[in-house]
Every structure is written in structure tokens, then in C-alpha cells.
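This report refers to the structure that appears directly beneath it.
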Protein chains: 2
Amino acid sequence: MIDALRMALRSAGLRCTPARLSVLGTLDALGQPVTHADLSAHPDVAGMDDITLYRTLGTLVDAGLIHRVQGIDGAWRYCVQPRDRAGCPGNHPHFLCTGCRRMECLVDQAMPRVRVPEGAEVRGRHFVVYGRCAACAAASAGSGAPG
Amino acid sequence: MIDALRMALRSAGLRCTPARLSVLGTLDALGQPVTHADLSAHPDVAGMDDITLYRTLGTLVDAGLIHRVQGIDGAWRYCVQPRDRAGCPGNHPHFLCTGCRRMECLVDQAMPRVRVPEGAEVRGRHFVVYGRCAACAAASAGSGAPG
DNA sequence: GACTATATGCAGGCGACTTGCAAGAAAGTC
DNA sequence: GACTTTCTTGCAAGTCGCCTGCATATAGTC
């Protein structure tokens, strides 16, 4: 497990430091996009300097090991890159629950195409669907008190 | 022109104040999503207190007169609602130029559908396509020095 | 014109994020 | 295994975007 992370870091040309291993391992274990604050509060990352976490996330994004998506709440969320689609910068839609603020990668779906203005070059697409996840929808339907 | 803005404000249940008229008028004249900073620097809005501008934009968004979209640069951009589609909260894709940081509403295109996790309720979709607009693409192709 | 509810402007503050710099640690070399 | 180089981390400080509270000004109503 750790070896796989080390290999991923090495193949990206990065040094294997405890900070990167723990951040990458945590994101890998979580498997869904999480915010800097979520990570900072996670036991495996707790104690790490906030600035280091910012920089580590930035480094991993630049290296293509993780991607980041912005929710409609303005918070960036970070998620490991699917292993079998190296270099794909989060190229899939995401679902953000406005209740529990959790985000899911909809990795099984292609990013829809859009006609852009004449002459424009598309470099990427950012598609966030927001609403309530099953758990939050059920909770609000049951109690009548959406968070 | 001003009368149309006054009517729009009144029909939304808002008072017609100079701040709202100038913000709404400026957004209407610009016709494309602009940031708080862009607005703040605009001659028609210059001199207005930044906090007032924040609150005015928030009020207009709440009233459904304008909508806001977040670019991948984290900045919220505000744009008037298409008159013929009242109540549509920016329900169309947007194109963001990473060069000049300008955004365009792709109002002629429907927001694509996406399959969300079982049981989830969709409340909205946020689709931003980014890249280079025709002008920036031409400039970088010509000079070889993209901003 | 007077009154009331609302909007505006100012002061102050919080949180997210960045930068600069010095100490510490990982890789490579001998 | 020890040394050196280069990169990373942690701390301090600061910037930027945005919000809150409160006093004053103003729009709308009678």
C-alpha cells in the first residue's frame, strides 16, 4: 500500500516525504473529494502544518496525482486520480450534497460536450451537480428538518 | 432603460435605490458575467462601498434578478438573468477564458443531464468550460507568448 | 411633509490562502 | 556509512475576500 504510494510519487518525480505519503494515502483511503479543512481534521493528517497541507495539495495537483474540484460553496475539494486514467484531470462530473457537503466523483460518466464561442479553445470542463444525497434527502423527508 | 430596471426591481419586491439601479444597469450593459472586482472598478459603480456592492449583489441574486457563477479561479461572477427566462438561475453552461478571465453565458445551450447516485435529489447544475477565447487564442498563436 | 422600514457606509474582524525565510529531511555520490 | 545538494517543512507575517454590527441616510407610504 505504502509502496504503491511511494511509486506513484517517484514516478511523478516527487520525493517521498511523510507529508505527501499521509496526504496521498488519506485521499486514497477516502476515495471522494474532500476539502482542505476535512483533510486537516483527519487523524492521519492531523498535526500537519496547514501551510504544508496547502503546499502538499498543490504539489500533488501539479504532479497530476490528484485533482481538485470546486463546489458551489467555494471550497476546493481534492481527490486522487483514478489509477487507470493517468493524466485525466478530474475529467468527470461531480455531485455535491448541499446537506452534508460531501462530494462524489461520477467517474463512470463522460463529461458532456458543449459548443463554445467561435475560435475559442477548450482546455477543460468543470461540471458540478448539486443537491441532496440519498442520506440527506431521506433525513429531510423523514424529519422535515433539512440541516 | 432606467424605467425597465425600476420595474424589474419593483416586481421583485425590492426598493429602487441608486446602488441597485447602477449595479443592475451595469450588469445589463455588460451582458456577461463579471466579478465583484470588475464591477467595483467599473466607472458606473466606482465609489460605491465594497460592502454595499456585496450586499447589493446578494440581494439581486436572492431576488432572482441576476445569477452568479463560479469560475475555476474561485471568483464569483454575476450576470443579469435572461429576461425571457425569468427564474432560471443561470441554468446554462458558461465559458471562462483563462487568459483574459472573461466569462460568457452559453445561453443557447441546455444544461446536460447527468446520472446522479441512487436516491439523490438534484437541485442545480454548475457547468463551466474553460480555455482561451478567440481573441486570447489568436494573440497567443500570433505572439507565441500566452499571458 | 412626516413616518417607518429598509438600505447604505464605516469600523472592525474572521477565515482562507500566500509569501519569505530558516531549519530539517530525502536522494544521490563517494 | 558519511557527506553534499536540493527539496520540503514549519513558522511568522501579511494579503485578500467576505461578513457582522451599528449608526445614519433614504425609499416608499400615508
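Since this is a predicted model, take the numbers as computed values, not measurements. Within every chain, numbering begins at 1; the chains are lettered A, B, ... in the order of the sequence lines, protein sequences first and strands thereafter.
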Measure the acute angle between the ring planes of B/His67 and B/His92, then classify it against the limits of 30° and 60° as parallel, tilted or perpendicular.
perpendicular

Please verify the inter-ring angle class for A/His126 with A/Trp76; under 30° counts as parallel, over 60° as perpendicular, anything in between as tilted.
perpendicular

So the contacted stretch of DNA chain C, first to last nucleotide with an atom under 4.0 Å from a non-hydrogen atom of chain A, runs from C/dA16 to C/dG28

Double-helix bend of the helix from C/dG1-D/dC30 to C/dC30-D/dG1, axes at both ends from 5 pairs, round to 10°, gives 30°

Hits for ring-ring contact (aromatic ring centres under 6.0 Å, His included) against B/Phe127, two or more places apart or cross-chain, chain-then-number order -> A/Phe127

Scanning both residues in full, the closest heavy-atom pair of B/Val45 with B/Leu39 reads CB-O, 3.3 Å

* side-chain contact (heavy atoms from CB on, under 4.5 Å) between B/Arg101 and B/Arg77: does it pass, once the steps are laid out? -> CA-CA 10 Å; B/Arg101 295 169 62 94; B/Arg77 286 171 172 78; 3.9 Å; yes

To the nearest angstrom, the CZ-P distance between A/Arg10 and D/dT8 comes to 11 Å

Between CG of A/Leu9 and P of D/dT8 the distance, given in whole Å, is 10 Å

Paired with A/Leu57, the side chain to side chain contact (heavy atoms under 4.5 Å, CB included) test is passed by just one of A/Val23, A/Thr52, A/Asp62, A/Leu24, namely A/Val23

Scanning both residues in full, the closest heavy-atom pair of B/Ser22 with B/Ala19 reads OG-O, 3.0 Å

When A/Leu14 and A/Ala37 are each assigned the nearest nucleotide of DNA chain C, the 5'-most assignment goes to A/Ala37

Residues in residues 45-58 of chain B with a heavy atom under 4.0 Å of DNA chain D, by number, are B/Ile51, B/Tyr54, B/Arg55

No-hydrogen, no-angle side-chain donor-acceptor test under 3.5 Å, A/Asp38 and A/Thr35: yes

Contacts of B/Ser40 meeting side-chain hydrogen bond (donor to acceptor under 3.5 Å, both in side chains) (sequence neighbours excluded), chain-then-number -> B/Asp50

Contacts satisfying ring-ring contact (aromatic ring centres under 6.0 Å, His included) that involve residues 95-121 of chain B (not counting sequence neighbours) are none

Whichever of B/His36 and B/Arg15 has the more 5' nearest nucleotide on DNA chain D, that residue is B/His36

